[in-house]
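One structure, pasted below without further comment.
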Amino acid sequence: KMIIFMVLVSIILIAQTGEKMEELTVEQKMHNYMAIEMNIQTWNLLTKEDRNPQESTKMIYCALASKYHWLKSPYFKPVNEQRAEWLLSRVFCEINNGEKALYYAEKCLELTKINDFKDFDLAYAYEAMARANGVLQNEKELERYYTLAKKSGRKISNEDDKKLFFDDLNSGILKKR
């Protein structure tokens with residue numbers, strides 16, 4: 001089983017970076033693989049329509065694990081942490097925990113500003129703030145961040161990313177806008 005695992009990790013890393021696995025330790029390979037795998041598992045649960053309470057708990061743990069493994073990955077970049085904070089905020093929105101959703105949305109926005117992220121990542125940071133405030137029923141802040149998200153979304157250069165963003169922006173609690 002370990003050999004199959006390492007072969008899969010090798011394929012993923014070579015596809016991502018062009019680097020050979022021999023240059024990395026087993027631990028480094030594992031962290032990169034697990035960051036990606038936990039992200040995938042989180043999204044599988046996030047998009048599941050009939051998620052039960054146990055799956056919601058698993059979704060939280062997968063999102064937290066993804067962030068942890070990104071921080072340990074040899075391919076970590078600040079955008080990985082920013083997107084992990086966004087994902088955690090979205091997970092907590094989906095289970096109607098507004099306080100935690102806002103906590104992670106604020107961290108996402110802070111990292112966005114510190115790293116001067118623009119385009120896609122800036123729009124999604126504002127989307128996270130709008131959505132979290134929506135869960136908390138804070139209408140004033142929801143409107144403020146929804147407007148900022150929409151404005152930033154219009155500036156996304158890649159048309160596929162822009163469509164994805166606006167589909168997300170106009171979903172769930174934000175759909176009514």
Side-chain angles (χ1 to χ4, degrees), residues 5 8-9 12-13 15-17 27-115 117 119-138 141-142 145-146 149 152-153 156 160-161 164-175:
F5 170 77
L8 288 173
V9 171
I12 290 169
L13 286 175
Q16 286 180 331
T17 65
E27 183 177 347
Q28 289 173 316
K29 295 171 194 176
M30 183 272 307
H31 282 300
N32 196 71
Y33 173 80
M34 291 304 294
I36 295 165
E37 182 59 30
M38 291 296 97
N39 185 278
I40 291 167
Q41 292 299 318
T42 303
W43 275 103
N44 288 341
L45 291 163
L46 193 60
T47 57
K48 186 174 182 189
E49 298 214 9
D50 57 344
R51 190 176 52 248
N52 64 42
Q54 292 79 16
E55 290 169 324
S56 291
T57 299
K58 181 180 177 183
M59 180 175 63
I60 294 166
Y61 290 138
C62 286
L64 287 166
S66 179
K67 178 184 172 188
Y68 170 78
H69 288 293
W70 271 123
L71 293 171
K72 297 283 193 174
S73 170
Y75 301 110
F76 168 79
K77 293 182 179 151
V79 72
N80 301 121
E81 184 176 11
Q82 185 261 9
R83 291 177 180 176
E85 300 296 355
W86 176 89
L87 184 58
L88 282 158
S89 178
R90 184 61 174 262
V91 162
F92 283 107
C93 282
E94 289 296 314
I95 61 168
N96 293 312
N97 186 329
E99 290 178 10
K100 285 191 178 179
L102 185 60
Y103 171 79
Y104 288 109
E106 287 171 340
K107 288 180 76 171
C108 174
L109 184 57
E110 178 183 356
L111 288 167
T112 302
K113 290 180 178 182
I114 288 169
N115 291 286
F117 294 141
D119 201 78
F120 181 85
D121 294 300
L122 178 60
Y124 267 103
Y126 289 138
E127 179 270 346
M129 290 294 295
R131 191 173 300 277
N133 277 288
V135 172
L136 289 168
Q137 299 179 345
N138 184 345
E141 289 299 293
L142 183 160
Y145 285 108
Y146 183 84
S152 295
I156 295 174
D160 290 337
D161 287 346
L164 175 68
F165 172 75
F166 279 104
D167 287 348
D168 279 345
L169 185 65
N170 296 308
S171 69
I173 198 162
L174 302 177
K175 191 174 191 171

(request) Please name all residues satisfying side chain to side chain contact (heavy atoms under 4.5 Å, CB included) with N52, sequence neighbours left out, ordered by chain then number. (result)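 Scan of N52 (side chain to side chain contact (heavy atoms under 4.5 Å, CB included), adjacent residues dropped) gives Q54, E55.
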
(request) Please list all pairs passing the salt bridge (charged side-chain N to carboxylate O under 4.0 Å, His left out) test where one or both residues lie in residues 60-78, with sequence neighbours left out. (result)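 For residues 60-78, and leaving out neighbouring residues, the salt bridge (charged side-chain N to carboxylate O under 4.0 Å, His left out) pairs sorted by first residue read K67-E85.
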
(request) For D160, check side-chain hydrogen bond (donor to acceptor under 3.5 Å, both in side chains) against everything at least two apart and list the hits. (result)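 side-chain hydrogen bond (donor to acceptor under 3.5 Å, both in side chains) list for D160, sorted by chain: empty.
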
(message) Using the side-chain hydrogen bond (donor to acceptor under 3.5 Å, both in side chains) criterion, which residues pair with Q41? Sequence neighbours excluded.
(response)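 Once residues adjacent in sequence are excluded, the partners of Q41 under the side-chain hydrogen bond (donor to acceptor under 3.5 Å, both in side chains) criterion are E37.
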
Side chains of residues 88-111: which donor-acceptor pairs under 3.5 Å do they make with residues two or more places apart or in other chains?
| from | atom 1 | to | atom 2 | distance (Å) |
| --- | --- | --- | --- | --- |
| S89 | OG | A101 | O | 2.8 |
| R90 | NH1 | E127 | OE2 | 3.4 |
| N97 | OD1 | K100 | N | 3.1 |

(request) Return the set of residues passing side-chain hydrogen bond (donor to acceptor under 3.5 Å, both in side chains) with S56 (not counting sequence neighbours), or none when no residue passes. (result)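 S56 satisfies side-chain hydrogen bond (donor to acceptor under 3.5 Å, both in side chains) with R51 once adjacent residues are dropped.
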
(request) Could you list the residues that satisfy side-chain hydrogen bond (donor to acceptor under 3.5 Å, both in side chains) with D168, not counting sequence neighbours? (result)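 If we apply the side-chain hydrogen bond (donor to acceptor under 3.5 Å, both in side chains) test to D168, skipping adjacent residues, the hits are Y124.
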
(request) Kindly write out the residues that satisfy ring-ring contact (aromatic ring centres under 6.0 Å, His included) with F76, not counting sequence neighbours, or none if the list is empty. (result)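 Expected list: none.
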
(request) With rounding to the nearest 0.5 Å, note down the distance linking OG in S73 to CD in E27. (result)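 The CD atom of E27 is 11.5 Å from OG of S73, to the nearest 0.5 Å.
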
(message) Taking side chain to side chain contact (heavy atoms under 4.5 Å, CB included) as the definition, give me every residue that meets it alongside D121, ordered by chain and number, with sequence neighbours left out.
(response)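 Testing D121 for side chain to side chain contact (heavy atoms under 4.5 Å, CB included), a comparison that skips the adjacent residues, returns V79, Q82, R83, F117.
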
(message) Run the ring-ring contact (aromatic ring centres under 6.0 Å, His included) test against H31 and tell me which residues pass, sequence neighbours left out.
(response)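 H31: ring-ring contact (aromatic ring centres under 6.0 Å, His included) contacts with Y68, H69.
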
(request) Check for a donor-acceptor pair, side chain of T42 on one end and backbone N or O of M38 on the other, with a separation under 3.5 Å. (result)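 Present.
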
(request) List the atom of W86, the atom of A128, and the distance in Å for their closest heavy-atom pair. (result)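 In terms of heavy atoms, the two residues are closest at CD1-CB, 3.5 Å.
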
(request) Taking the side chain as every heavy atom from C-beta outward, state whether S171 and R131 have any pair of such atoms under 4.5 Å apart. (result)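 Yes - at least one pair of side-chain heavy atoms lies under 4.5 Å apart.
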
(request) Identify the two heavy atoms, one from A123 and one from I156, that lie closest to each other, and give their separation to 0.1 Å. (result)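 Distance-wise, the nearest heavy atoms are CB-CD1, 3.9 Å.
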
(message) Please report the interatomic distance CG(L174) to CG(L142), rounded to the nearest 0.5 Å.
(response)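 Separation between the atoms: 6.0 Å.
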
(request) State the CD1-CE distance between I40 and M34, to the nearest 0.5 angstrom. (result)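 Here the rounded value is 10.5 Å.
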
(message) With a 3.5 Å distance limit and no angle check, can you tell me whether N133 reaches the backbone of M129 through a side-chain donor-acceptor pair?
(response)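 Confirmed, N133 side chain pairs with M129 backbone.
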
(request) For residues P74 and N32, report the shortest heavy-atom separation together with the two atoms involved. (result)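 So the two residues come closest at CD-CB, 4.3 Å.
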
